[in-house]
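To start, the structure under review is shown below, and the notes come after it.
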Amino acid sequence: MTAILRSPRRTKGVAALLFVAALATAGPAFGFPDGATGPSFVPCPLERIGSQLVRCDNLSGAGVEAPSWIPEQP
């Protein structure tokens with residue numbers, strides 16, 4: 001009979017232990033390449049030079065031809 005009475009208490013104890021363990025675990029991690037400080041939020045629109053995609057004066061299209069509807073960089 002005592003084992004039956006201890007069951008709800010044990011269940012609450014295990015639930016509390018699992019809750020504390022869940023709070024103590026690591027949250028989400030964000031990784032960046034070595035030397036990088038994180039994402040840059042410089043407002044650079046996607047443009048094209050001839051048939052190449054460009055963003056912030058960097059080639060962005062991996063050699064793929066840019067569609068004609070993307071504005072050309074002046």
Side-chain angles (χ1 to χ4, degrees):
M1 181 97 178
T2 28
I4 295 172
L5 293 177
R6 273 202 226 167
S7 182
R9 182 189 292 175
R10 187 172 295 164
T11 303
K12 288 180 185 178
V14 169
L17 182 65
L18 290 173
F19 179 73
V20 170
L23 291 177
T25 58
F30 300 100
F32 300 106
D34 290 341
T37 56
S40 171
F41 297 107
V42 178
C44 295
L46 183 64
E47 298 175 317
R48 65 181 171 90
I49 296 177
S51 64
Q52 297 294 312
L53 292 170
V54 178
R55 187 182 300 266
C56 292
D57 291 333
N58 294 322
L59 289 175
S60 304
V64 176
E65 189 171 328
S68 60
W69 55 266
I70 294 182
E72 190 160 6
Q73 195 176 47

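As the structure is a prediction and not an experimental result, all values here were calculated from the model.
Residue R48 holds its CZ atom at 9.5 Å from CD of E65, rounded to the nearest 0.5 Å.
Of all the heavy atoms in V54 and L59, the pair that sits closest is CG2-CD2, 4.1 Å.
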(request) Start with the C-alpha gap between I70 and L46, add the side-chain angles, then the distance that decides, and say whether side chain to side chain contact (heavy atoms under 4.5 Å, CB included) holds. (result) CA-CA 7 Å; I70 294 182; L46 183 64; 4.0 Å; yes

